[in-house]
Amino acid sequence: MNKRMKCTLAYDGTYFSGYQVQPGKRTVQGELERVLTQMHKGQMVRVAASGRTDAGVHACGQVIHFDTALSLSPQQWKKALNALLPDDIVIKHVQEVDASFHARFAAKAKEYRYKVRNAKERDVFLRHYCYHYPYALDIEAMKQALRLIEGTHDFTSFCSAKTDIDDRIRTIYQADMAVDQEMLEFRLIGNGFLYNMVRIIVGTILEVGQGKRSADSISTILEAKDRRYAGPTAPPQGLYLWKVYYDN
């Protein structure tokens, strides 16, 4: 009798070519499926995730599920997986769930965070975990701009031109930022995100902070529904998939 297991995991995206399996590349999904297949004596086990992350992007609360015939307790699963997985992936929580649960389709909202280090000098030890941005910033203007991101909008201007999804309307429940000395942390919670959406929002808000565009230009950018109106795509290393929200 197969059981469905739900796992919450964290990973350092630095040395991965993203979450999703790609031939000949090291990926998070590839490592997970390799270990699960090993535990199932060579029988291939597929993993479904709440969504994919790009190369260099980190996760603190990615959620996956898989089906198994093995009769291990959640604690045994956690211990076994962590013993076999590489040290840049850690399983934080395991639970058995109903067969109807799906890591992606059951997700109600996601929270992403993006870290920017606003300092003159680069920090060599933080280079994989935040975006170094050495320019003076108007924090109040940035917070004002972020408020305009909140709500239900067509986010075509804030997604990669390569996006093949037609429906680009998403609801952002919360868009704000916290400042702790030289570290800035953007926080976005929404019902869904388009390809590169958080990174383009951050790139645009940083331009507002630098005075290259006004805070209220966000409304104009949204109305344009054209990627060329928004700012640059911030680099991957500052982005974290922080949490995935479900009904329970």
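Of the possible donor and acceptor atoms, none in the side chain of Thr163 sits under 3.5 Å from a partner among the backbone N and O of Ile165. The backbone N or O of Ala48 sits nowhere less than 3.5 Å from a side-chain atom of His102 that would complete a donor-acceptor pair. In this structure, the side chain of Gln22 engages the main chain of Ser17 through a donor-acceptor pair within 3.5 Å. In terms of modelled atom types and a separation under 3.5 Å, the side chain of Gln29 and the main chain of Val21 share a donor-acceptor contact. Not one N or O on the side chain of Lys6 forms a donor-acceptor pair closer than 3.5 Å with the backbone of Phe101. At distances below 3.5 Å, not a single donor-acceptor pair connects side-chain atoms of His128 with backbone N or O atoms of Gln237. With hydrogens and angles disregarded, a donor-acceptor distance shorter than 3.5 Å links the side chain of Asn191 to the backbone of Thr171. In this structure a side-chain-to-backbone donor-acceptor pair under 3.5 Å is missing from Gln20 to Gly51. A donor-acceptor pair is defined here as one N or O able to donate and one able to accept, closer than 3.5 Å; such a pair exists between the side chain of Asn118 and the backbone of Tyr133. Proximity of a side-chain donor or acceptor of Arg122 to a complementary backbone N or O of Leu126 within less than 3.5 Å is not detected.
More than 12 non-hydrogen atoms from other residues, nucleotides or ligands lie less than 6.0 angstrom from OH of Tyr246. Around CZ of Arg26, the count of heavy atoms belonging to other residues, nucleotides or ligands within 6.0 Å exceeds 12.
Note on Leu188: it clusters hydrophobically with Val179, by side-chain heavy-atom contacts below 4.5 Å among ILVMFWY residues. Connection of Leu241 to Val202 is established within a shared hydrophobic cluster, with ILVMFWY side chains joined at heavy-atom distances below 4.5 Å, either directly or through further cluster members. Placement of Ile149 and Leu239 within a single hydrophobic cluster is found when ILVMFWY residues are connected by side-chain heavy-atom separations under 4.5 Å, directly or transitively. Residues Tyr19 and Leu194 do not share a hydrophobic cluster, clusters being chains of Ile/Leu/Val/Met/Phe/Trp/Tyr side chains in contact below 4.5 Å. The hydrophobic clustering, which links ILVMFWY residues whose side-chain heavy atoms are closer than 4.5 Å, places Val57 and Ile64 apart.
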Considering only distance and modelled atom types, tabulate donor-acceptor pairs under 3.5 Å from the side chains of residues 216-225, sequence neighbours left out.
{"unit_1": "Asp216", "atom_1": "OD1", "unit_2": "Ser214", "atom_2": "OG", "d": "2.7"}
{"unit_1": "Ser217", "atom_1": "OG", "unit_2": "Ser214", "atom_2": "O", "d": "2.6"}

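Taking the side-chain contact (heavy atoms from CB on, under 4.5 Å) definition, one finds that Glu207 meets it with Lys212, Arg213, Pro232, sequence neighbours left out. In terms of the side-chain contact (heavy atoms from CB on, under 4.5 Å) criterion, residue partners of Glu111 (sequence neighbours excluded) are, by chain and number, Arg113, Arg187, Ile189, Trp242, Lys243, Tyr245.
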Asp12 and Tyr129: CA distance, side-chain angles, deciding distance, side-chain hydrogen bond (donor to acceptor under 3.5 Å, both in side chains) verdict: CA-CA 9 Å; Asp12 175 341; Tyr129 307 106; 2.6 Å; yes
Please report the C-alpha distance between Leu36 and Trp77 in whole Å, then the side-chain angles of each, then the deciding distance to 0.1 Å, and finally whether the side chain to side chain contact (heavy atoms under 4.5 Å, CB included) criterion is met. CA-CA 10 Å; Leu36 283 166; Trp77 270 114; 3.7 Å; yes
Worked check of side-chain hydrogen bond (donor to acceptor under 3.5 Å, both in side chains) between Arg52 and Thr27: CA-CA 10 Å; Arg52 60 188 80 159; Thr27 64; over 6 Å; no
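Taken from NZ in Lys78 to CG in Leu72, the straight-line distance is 15.0 Å, to the nearest 0.5 Å. A distance of 7.5 Å separates CG of Leu184 from CG of Leu206, quoted to the nearest 0.5 Å. Annotation: the span from Cys7 atom SG to Ile89 atom CD1 amounts to 11.5 Å, rounded to 0.5 Å. In this structure, Gln38 CD and Gln43 CD are separated by 14.0 Å, a value rounded to the nearest 0.5 Å. Remark: Arg46 CZ to Glu33 CD distance equals 4.5 Å, nearest 0.5 Å. Note that CZ of Arg168 is 7.5 Å distant from CG of Asp154, once rounded to the nearest 0.5 Å.
Here Ile169 is tied to no hydrophobic group at all, with no ILVMFWY side chain closer than 4.5 Å.
Pairs passing the salt bridge (charged side-chain N to carboxylate O under 4.0 Å, His left out) check and including a residue from residues 57-76, sequence neighbours excluded, read Arg4-Asp67. The salt bridge (charged side-chain N to carboxylate O under 4.0 Å, His left out) contacts involving residues 190-202 comprise Asp54-Arg199, where partners must be two or more places apart or lie in separate chains.
Proximity of Leu85 to Leu32: side-chain heavy atoms (C-beta onward) are separated by under 4.5 Å at one or more points. The shortest side-chain heavy-atom distance between Thr68 and Val45 does not fall under the 4.5 Å cut-off. Between Met5 and Val94, the closest side-chain pair of non-hydrogen atoms falls below 4.5 Å. Between Ile172 and Met197 there is a side-chain heavy-atom pair separated by less than 4.5 Å.
By the 30° and 60° cut-offs, the orientation of the rings of Tyr114 relative to Phe186 is perpendicular.
Looking at every heavy atom in both residues, Asp123 comes nearest to Phe125 through OD1-N, 2.8 Å. Taking each heavy atom of His65 and Ala103 in turn, the nearest pair found is ND1-N, 3.0 Å. The nearest pair of heavy atoms linking Ala215 to Ala141 is CB-O, 3.5 Å. Considering all non-hydrogen atoms of both residues, Met39 and Leu81 come closest at SD-CD2, 3.9 Å. Counting all heavy atoms, side chain and backbone alike, Phe16 lies closest to Val28 at CD2-N, 3.6 Å. Asp176 and Leu146 make their closest contact through C-CD1, 3.7 Å (heavy atoms, listed as atom of the first residue, atom of the second, distance).
Figure legend: Lys162 and Tyr195 shown without cation-pi pairing, the cationic atom not lying both under 6.0 angstrom from the six-membered ring centre and within 45 degrees of its axis.
In summary, Arg34 and Glu31 engage in a salt bridge, as defined by a charged side-chain N under 4.0 Å from a carboxylate O.
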